[in-house]
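Read the structure below first, then the notes.
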Protein chains: 2
Amino acid sequence: MDSFGEIIKRFRESNGLFLRQVAAKMDIDQAIISKFERGERKPTKEQVQKFARFYKIEEEKLMIAWLSDKVAYELVEEKNHYKILSVAEQKIRFLKIKKKV
Amino acid sequence: MDSFGEIIKRFRESNGLFLRQVAAKMDIDQAIISKFERGERKPTKEQVQKFARFYKIEEEKLMIAWLSDKVAYELVEEKNHYKILSVAEQKIRFLKIKKKV
DNA sequence: GTTTGTTTTGACAATATAGGTCAAATATAG
DNA sequence: CTATATTTGACCTATATTGTCAAAACAAAC
């Protein structure tokens, strides 16, 4: 249940890298990476993919963390979050079927 | 499992109102309401509340439809949507507990 | 306590996304 | 064809998100 930020921070540290180094190699401002790691800012989808490649993390895994962060952030202040999620699930299933036809 | 748009359209029609009339009373451009009804645009939270009051729909019900639309729209193109939703659910639960402390 | 190296913060700019307005186009009914 | 209702699309504005940079804060070493 890790957040995107926790994951990329863990990988950075286990590789013994400084923000400065990651920033240079990935060509992303280090202030932003610092904010990603602490969940203060959300990366774009392209950045998520870039991090997956950089740290050799399975892209799907990182994507799940990132998207679930977004959904959680969007609903945490709302009532009935469980209901909202289950209705959303039904709608997604319906939409996915519809598109294939 | 209705979308926000389907709900407000149903209420408008069952009240025998034209878009023009709703638009005038609610002070929202009728083109926008037309787009809401067909899901082409998403209303703001304030507008959702306004529609709930206008049609005397239970606000929670409309809010659930609106938020689940947003989540569904956000995830429909993604893989692993079920996994994403279940991780999001855990994260929300965790965050809600954390806030109360 | 000052030097050196790292991370965090915050103000501001740039960009992207969402929402609003309006008039014209397209139904639909008579 | 006329009249009324809805939809579409182009354009504009507002808001939210992301990027940049320099300074502040933190930490370890000495």
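All figures in this text were calculated on a predicted structure; none of them were measured in a lab. Lettering of chains follows the sequences in order, A, B, ..., and the numbering in each one begins at 1. Hydrogens, waters and symmetry mates are skipped; everything else that's a heavy atom, side chains included, is used.
Evaluation of the salt bridge (Lys or Arg N to Asp or Glu O under 4.0 Å) rule for B:Glu78 yields A:Lys45 as partners, not counting sequence neighbours.
The CG atom of A:Asp29 sits 14 Å away from the C1' atom of C:dA11 (whole-angstrom rounding). Rounding to whole angstrom units, CD of residue B:Gln30 and C1' of C:dA24 are separated by 13 Å. Going from atom CD1 of A:Ile32 over to atom P of C:dT7 covers 16 Å, rounded to whole Å. Between B:Glu40 atom CD and C:dG19 atom P there is a gap of 12 Å when expressed in whole angstrom units. When rounded to the nearest whole Å, the span between CG of B:Leu19 and P of C:dT26 equals 19 Å. To the nearest angstrom, P of C:dT6 lies 14 Å from CD1 of A:Ile33.
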Just distance, no hydrogens or angles: give the donor-acceptor pairs under 3.5 Å from side chains in residues 11-20 of chain A, sequence neighbours left out.
from    : atom 1 : to      : atom 2 : distance (Å)
A:Arg12 : NE     : A:Glu37 : OE2    : 2.7
A:Arg12 : NH1    : A:Leu17 : O      : 3.0
A:Arg12 : NH2    : A:Glu37 : OE1    : 2.9
A:Ser14 : OG     : A:Arg10 : O      : 3.3
A:Ser14 : OG     : A:Phe11 : O      : 3.3

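To the nearest 0.5 Å, atoms CG (A:Leu67) and CD1 (B:Ile84) are separated by 4.5 Å.
For the segment residues 65-73 of chain B, no residue has any heavy atom less than 4.0 angstrom from an atom of DNA chain D. Only B:Arg12, listed by number, bring a heavy atom of residues 9-16 of chain B to less than 4.0 angstrom from any atom of DNA chain D.
Contact annotation for A:Lys42: backbone-only contact, meaning every heavy-atom pair under 4.0 Å involves sugar-phosphate atoms and none involves a base. Using a 4.0 Å heavy-atom cutoff across all strands shown, A:Arg41 reaches at least one base atom of the nucleic acid. A:Gln47 comes within 4.0 angstrom of the backbone, heavy atoms only, and of no base.
Counting only distance, with no hydrogens or angles, the side chain of B:Lys91 and the backbone of A:Asp2 share a donor-acceptor pair below 3.5 Å. Side-chain atoms of A:Ser34 do not come within 3.5 Å of backbone N or O of A:Gln30 as any donor-acceptor pair.
Position along DNA chain D of the nearest nucleotide to B:Lys35 versus B:Leu17 favours B:Leu17 as the more 5'-ward residue.
When all heavy atoms are compared, the tightest approach of A:Val22 to A:Ile33 is CG1-CD1, 3.9 Å. Nearest approach of A:Lys83 to B:Ile64, heavy atoms of both residues: CG-CD1, 3.7 Å.
First and last contacts of DNA chain D with chain A, using any nucleotide atom under 4.0 Å from a protein heavy atom and ordered 5' to 3', fall at D:dT18 to D:dC21.
Considering only heavy atoms from C-beta on, A:Arg53 comes within 4.5 Å of A:Gln49 through its side chain. Side-chain contact between B:Met26 and B:Gln47: absent, with no pair of heavy atoms (C-beta onward) separated by less than 4.5 Å. Residues A:Val87 and B:Asp69 are not in side-chain contact: their nearest non-hydrogen atoms beyond the backbone lie 4.5 Å or more apart.
Side chain of A:Arg20, nearest nucleotide from C:dA11, C:dG5, C:dT21: C:dG5.
Both cation-pi conditions hold for A:Lys42 and A:Tyr73: the charged atom is under 6.0 angstrom from the six-membered ring centre and inside a 45 degree cone around its axis.
Note: the hydrophobic cluster containing B:Tyr82 does not contain A:Tyr82 (ILVMFWY, side chain heavy atoms under 4.5 Å, direct or indirect links).
OP1 or OP2 of C:dT8 sits under 4.0 Å from a side-chain N or O of A:Arg38.
For the helix from C:dG1-D:dC30 to C:dG30-D:dC1, the rotation axes defined at the first and last 5 base pairs enclose an angle of 30°, given to the nearest 10°.
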Practice prompt. Would you sort out whether A:Phe4 and A:Ile8 count as a side-chain contact (heavy atoms from CB on, under 4.5 Å), showing the intermediate values?
Written response: CA-CA 6 Å; A:Phe4 172 82; A:Ile8 62 166; 3.7 Å; yes

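A salt bridge links B:Arg93 with B:Glu89: the closest approach of a Lys/Arg side-chain nitrogen to an acidic carboxylate oxygen falls below 4.0 angstrom.
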